[in-house]
Amino acid sequence: MSTLAHIFEEAGLATVTLGSIRKQIESTAPPRGLWCDFPLGRPLGKPGDTEFQHRVLAHAFSLLDATEPVFEEFGESLADEESEGLSCPLPPRTNADLHPAVDEVRGLRPAYDRAIAQYGNRAATGRVISADEIEDALSAFVRVAEGTPWKEAGIPGIPARVAQDIRGYYEVAGLGLSDHIPAAWTGTNWFLDDTEGGKVVLSARAAMRDAGEKQPIWFYMAPGDR
Amino acid sequence: MADRDVKAMAESIEAPSFDNVAFTTPPDLSKATVAVVTSASLHHEDQEDFAPNDIGYRVLDNDNRDYQTGHWSPNFDSVGFAADFNTVIPLDRLDELAAQGKIGKVASTHLSYAGNQFDLSAVRMDSGPAGAKLLKDEGVDVVLLTPV
């Protein structure tokens with residue numbers, strides 16, 4: 001973003017750049033930079049909080065009054081928000097013949113559909129596979145976790161991209177199960193730590209890593225600190 | 001998963017620096033046309049999805065806010081955007097500021113790039129200037145840049 005700010009100013013556009021990572025925005029030093037200590041993915045801070053977003057914008061646009069390059073810090077930090085956690089009820093097993101993750105996906109479908117109806121499909125599924133194909137994708141990752149080489153397991157696309165759709169399915173289902181918009185990362189943590197689907201994705205990722213597959217193939221199936 | 005851990009990883013990525021800082025003086029904000037440019041890999045449903053290392057941009061229609069993220073990085077929270085697109089591209093807030101007369105108007109066009117870029121030379125030489133020209137031609141005065 002900060003790089004684009006320099007380019008756009010050169011072209012005669014006045015810019016205000018929000019930054020989530022202090023070191024990055026300080027290093028690239030856009031003409032008008034506002035560091036906001038918010039979680040990655042939430043540059044305006046709080047989803048659904050109109051007043052908070054307006055406070056961010058008011059500070060950002062105030063930088064347009066500067067007569068020379070300026071860098072400031074937004075006064076409210078959301079850095080510790082992730083500690084709130086997300087607690088969602090998981091569906092009970094309904095079909096013992098199915099893999100637990102597949103059974104779980106079916107049980108979460110009403111919550112997923114409810115969230116899609118309320119919020120739309122902005123970050124859920126559809127990069128590679130639809131919601132109807134999540135079961136098959138998870139089944140493919142189960143085979144990888146059990147030792148099948150990933151190219152022979154029937155993964156319906158680039159593993160990282162398929163994993164994003166699975167994560168999106170769960171995170172949006174979690175949105176449908178929650179009575180509020182979850183704090184940053186709590187949907188991801190719930191998926192990876194608490195659900196059968198998350199365990200399958202992480203197990204497949206570990207199996208690919210242990211099999212010596214190239215790092216870019218498996219690494220991006222989950223956040224980098226996993 | 002902790003946000004600070006992911007940020008710590010990102011801090012190690014070398015950031016470009018600029019010897020000369022261009023500085024454009026904007027018109028009065030109450031008369032300015034404001035656009036948003038984000039690195040959230042947003043696109044409309046009927047647009048081409050972003051490819052890995054995609055240095056291009058997608059043109060976002062202000063009147064059709066069905067934006068989806070096509071970001072390849074798993075290293076950010078996407079639930080905030082899933083629940084409220086203003087978390088990333090605050091167009092409803094800009095509408096409100098325009099109605100209050102605090103900004104002139106909201107641009108008819110916004111842009112999205114892909115944020116997970118390690119080699120920015122093509123953006124600096126090609127898609128960055130092209131996006132700037134597009135916005136200039138649309139009459140944009142002020143650009144709010146939001147990172148993902």
Side-chain angles (χ1 to χ4, degrees), chain A residues 1 3-21 23-24 27-29 31 39-44 47-48 50 53-54 57 60-61 64 68-69 79 82 119-124 127 164 168 171-172 175 181-182 184-185 187-189 192 220 222-225, chain B residues 1-7 9-11 15-18 21-26 29 37 39 49 66-70 72-88 90 93 96-97 113 120 123-124 128-129 131-133 135-136 140-148:
Chain A
M1 280 288 89
T3 296
L4 285 173
H6 287 281
I7 295 166
F8 285 11
E9 294 272 349
E10 184 74 30
L13 294 160
T15 65
V16 180
T17 306
L18 304 185
S20 300
I21 302 172
K23 184 178 177 184
Q24 292 283 342
S27 298
T28 310
L40 295 172
R42 300 188 174 194
L44 270 290
T50 299
Q53 294 170 3
H54 269 303
L57 290 177
F61 287 141
L64 291 166
E68 59 185 18
E82 71 268 17
Y119 299 108
N121 183 0
R122 297 190 180 279
R127 299 168 185 84
Q164 279 186 312
E171 288 180 338
V172 168
L175 198 54
I181 299 172
W185 290 112
T188 305
N189 288 338
L192 292 173
Y220 295 103
D225 67 337
Chain B
M1 170 60 58
D3 195 61
R4 60 183 169 276
D5 296 331
V6 181
K7 285 179 177 172
M9 290 191 304
E11 283 181 349
S17 60
F18 291 77
V21 179
F23 194 84
T24 295
T25 301
L29 188 58
V37 175
S39 54
D49 192 8
D66 66 345
Y67 317 130
Q68 302 176 343
T69 180
W72 278 76
S73 171
N75 295 318
F76 69 94
D77 172 88
S78 61
V79 174
F81 173 71
D84 176 11
F85 67 80
N86 294 286
T87 313
V88 169
R93 301 295 84 79
E96 290 155 4
L97 292 175
Y113 291 79
L120 291 172
V123 174
R124 292 177 71 164
K133 182 178 186 308
L135 294 180
K136 280 290 287 181
V140 171
D141 302 301
V142 170
V143 176
L144 175 72
L145 295 128
T146 67
V148 170

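The sequence lines fix the lettering, A, B, ..., with proteins before strands; numbering per chain opens at 1.
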Atom group of B/N86 that falls short of 4.5 Å from chain A, counting heavy atoms: both
Under 4.5 Å heavy-atom distance to chain B, tell me which part of A/Q164 shows up: side chain, backbone, both or neither. side chain
Can you name the closest pair of heavy atoms from B/P74 and A/P223 and give their distance? O-CG, 3.5 Å
Cut-off 4.5 Å, heavy atoms of chain B, and the answer for A/L175 is side chain
Please rank B/Y113, B/F81, B/F76, B/F23 by heavy-atom pairs under 4.5 Å with chain A and give me the top one. B/F23
Sub-4.5 Å side-chain heavy-atom contact between A/L44 and B/R93: no
Looking only at A/A14, A/A60, A/A5, A/S27, the option with the highest number of non-hydrogen pairs under 4.5 Å against chain B is A/A14
Parallel under 30°, tilted from 30 to 60°, perpendicular over 60°: which one fits the rings of B/Y67 and B/F85? perpendicular
In this structure, CD of B/E96 is separated from OG1 of A/T50 (nearest 0.5 Å) by 5.5 Å
Could you have a look at B/T24, B/D84, B/L135 and say which one has the most heavy-atom pairs with chain A under 4.5 angstrom? B/T24
Could you check whether any side-chain N or O of B/S73 sits under 3.5 Å from a backbone N or O of B/N75, counting only pairs where one atom can act as donor and the other as acceptor? yes
Check each atom of B/L120 against the heavy atoms of chain A and say whether the ones under 4.5 Å are side chain, backbone, both or neither. side chain
Select, from A/G187, A/G48, A/A124, A/G168, the one with the greatest count of heavy-atom pairs under 4.5 Å involving chain B. A/G48
Under 4.5 Å, counting heavy-atom pairs only, tell me which of B/V143, B/V37, B/L145, B/T146 racks up the most with chain A. B/L145
Rounded to the nearest 0.5 Å, the CD atom of A/Q53 sits from the CZ atom of A/R42 at a distance of 11.0 Å
As an exercise: rank B/V123, B/L144, B/T25 by heavy-atom pairs under 4.5 Å with chain A and give me the winner. B/L144
Are A/S20 and A/L40 side-chain neighbours, meaning at least one heavy-atom pair lies under 4.5 Å? yes
Contact leader toward chain A among B/T69, B/L29, B/D66, B/V148, where contacts are heavy-atom pairs under 4.5 Å: B/T69
So do the side chains of B/P90 and A/L57 get within less than 4.5 Å of each other, counting heavy atoms only? yes
Could you tell me whether a side-chain N or O of A/H6 sits under 3.5 Å from a main-chain N or O of B/S17, the two making a donor and an acceptor? no
Determine whether the side chains of B/D3 and A/W185 contain a donor N or O and an acceptor N or O closer than 3.5 Å. yes
Of the listed residues (A/I181, A/I21, A/L4), which shares the most heavy-atom pairs with chain B below a 4.5 Å separation? A/L4
Mind ranking A/E171, A/R122, A/R127 by heavy-atom pairs under 4.5 Å with chain B and telling me who comes out on top? A/R122
A/L13 versus chain B, heavy atoms under 4.5 Å apart: side chain, backbone, both or neither? both
Do you know which of B/A10, B/P16, B/G128 has the most heavy-atom pairs under 4.5 Å to chain A? B/P16
